[in-house]
Protein chains: 2
Amino acid sequence: MIQKGLLVVLSGPSGAGKGTVCKALLPTMSSLGYSVSCTTRQPREGEQEGVNYFFKSREQFEEMIQQDELLEWAEVYGNYYGTPLRYVEEQLAAGYNVLLEIDIQGALQVKKKYPNGVFIFLIPPSLQELKQRILGRGTETEESFKVRFGSAADEMKHINDYDYVVVNDQVDDAVDRVRSIVIAELCSVKRNREYYNNLIQEGQTDAVSFN
Amino acid sequence: MIQKGLLVVLSGPSGAGKGTVCKALLPTMSSLGYSVSCTTRQPREGEQEGVNYFFKSREQFEEMIQQDELLEWAEVYGNYYGTPLRYVEEQLAAGYNVLLEIDIQGALQVKKKYPNGVFIFLIPPSLQELKQRILGRGTETEESFKVRFGSAADEMKHINDYDYVVVNDQVDDAVDRVRSIVIAELCSVKRNREYYNNLIQEGQTDAVSFN
């Protein structure tokens with residue numbers, strides 16, 4: 001196999017716009033498969049089973065934890081979120097690239113298992129903007145907003161655990177940056193050393209036969 | 001200053017298409033300034049003084065070497081090529097990004113002075129294709145072709161000194177890859193640590209004043 005698939009982790013504080021960026025990114029990159037997460041939270045308007053999430057009961061989710069069927073999972077603001085392990089393992093082993101859109105706790109767990117993944121931290125242009133985005137959803141009580149916003153500001157400290165930061169000022173620009181990161185990583189020498197060393201040997205053979 | 005400029009070095013074997021990729025890339029990236037090289041070789045058809053190269057006599061070039069006015073220089077196939085030092089230094093210090101399009105000997109010299117540069121190795125899809133491209137120029141004698149091609153095959157060994165390899169199968173795709181590498185590097189945490197640490201401190205201040 002020339003190269004195993006690339007694991008791309010798009011993460012960041014709640015309200016940064018991870019879901020929006022993901023949704024706009026995927027149609028532009030046919031080489032990137034999306035790993036659908038499981039959650040116990042209620043579907044938001046327009047969200048579909050198996051597309052945005054696999055919606056589970058708490059009992060179902062806890063059974064998945066017990067059976068070791070999750071690459072990462074976390075309880076966030078009272079709901080479980082997790083990444084089914086099998087899809088990710090199979091795709092990467094077959095050489096396909098996989099995109100995970102997960103929170104920061106989850107990303108840190110994934111980094112332990114896949115340190116060679118590409119870890120991208122998506123942030124809003126400022127925390128002021130973040131406040132407005134969380135409030136704009138209209139799904140927050142004052143109490144849950146304080147929990148979310150305080151946590152988001154705190155989570156910014158984790159930037160140093162990531163490889164890249166993408167500022168989500170304009171969705172189109174953020175999508176272009178994430179796409180660029182994936183393309184750049186696929187061109188990186190460190191990820192393709194075996195392949196290039198083969199190419200060099202072929203090159204030498206050619207040169208010898210020419211001379 | 002948030003971040004000093006990025007030095008992007010596009011290099012690779014003769015005939016890989018560095019000039020073509022550069023020319024197509026620059027109009028797509030207003031943030032990237034092109035460093036025009038000096039050379040003692042004869043202009044090819046359509047090449048303009050100060051745009052493609054600064055064309056110099058051997059005496060003028062050797063005077064620049066003596067005066068330490070070149071970031072890198074090399075004698076390749078009997079002609080001198082070099083990068084004027086001052087333009088690169090001034091642009092980088094002012095925070096602008098600079099693109100160098102230079103041969104492999106030159107890139108290795110630049111890497112010693114600017115180890116934090118982004119080093120991109122442009123290669124043709126195969127050495128077979130490389131033969132055809134060099135011959136297609138119609139400016140080669142059989143002797144100069146053997147020198148160029150043998151050297152190109154040999155130069156492939158230097159891939160491991162670079163950060164990225166871009167295969168120039170289609171010019172548009174190669175340009176998109178180089179552009180992606182520049183964007184990705186500008187998003188990398190390691191190049192922006194100081195900036196993000198400031199952002200984190202601002203974030204905490206915000207959070208405190210909110211609570």
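In what follows, chains carry the letters A, B, and so on, assigned in the order in which the sequence lines appear, proteins first and then strands, with residues in each chain numbered from 1.
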Visitor: Check whether any side-chain heavy atom of D176(B) lies under 4.5 Å from a side-chain heavy atom of I183(A), and answer yes or no.
Guide: yes
Visitor: Taking all non-hydrogen atoms of both residues into account, name the closest pair between A184(B) and A184(A) and its distance.
Guide: CB-CB, 3.6 Å
Visitor: Tell me, out of I181(A), D163(A), V182(A), who's got the most heavy-atom pairs with chain B below 4.5 Å.
Guide: D163(A)
Visitor: Top residue by heavy-atom pair count (under 4.5 Å) with chain A, among V178(B), I120(B), V165(B)?
Guide: V165(B)
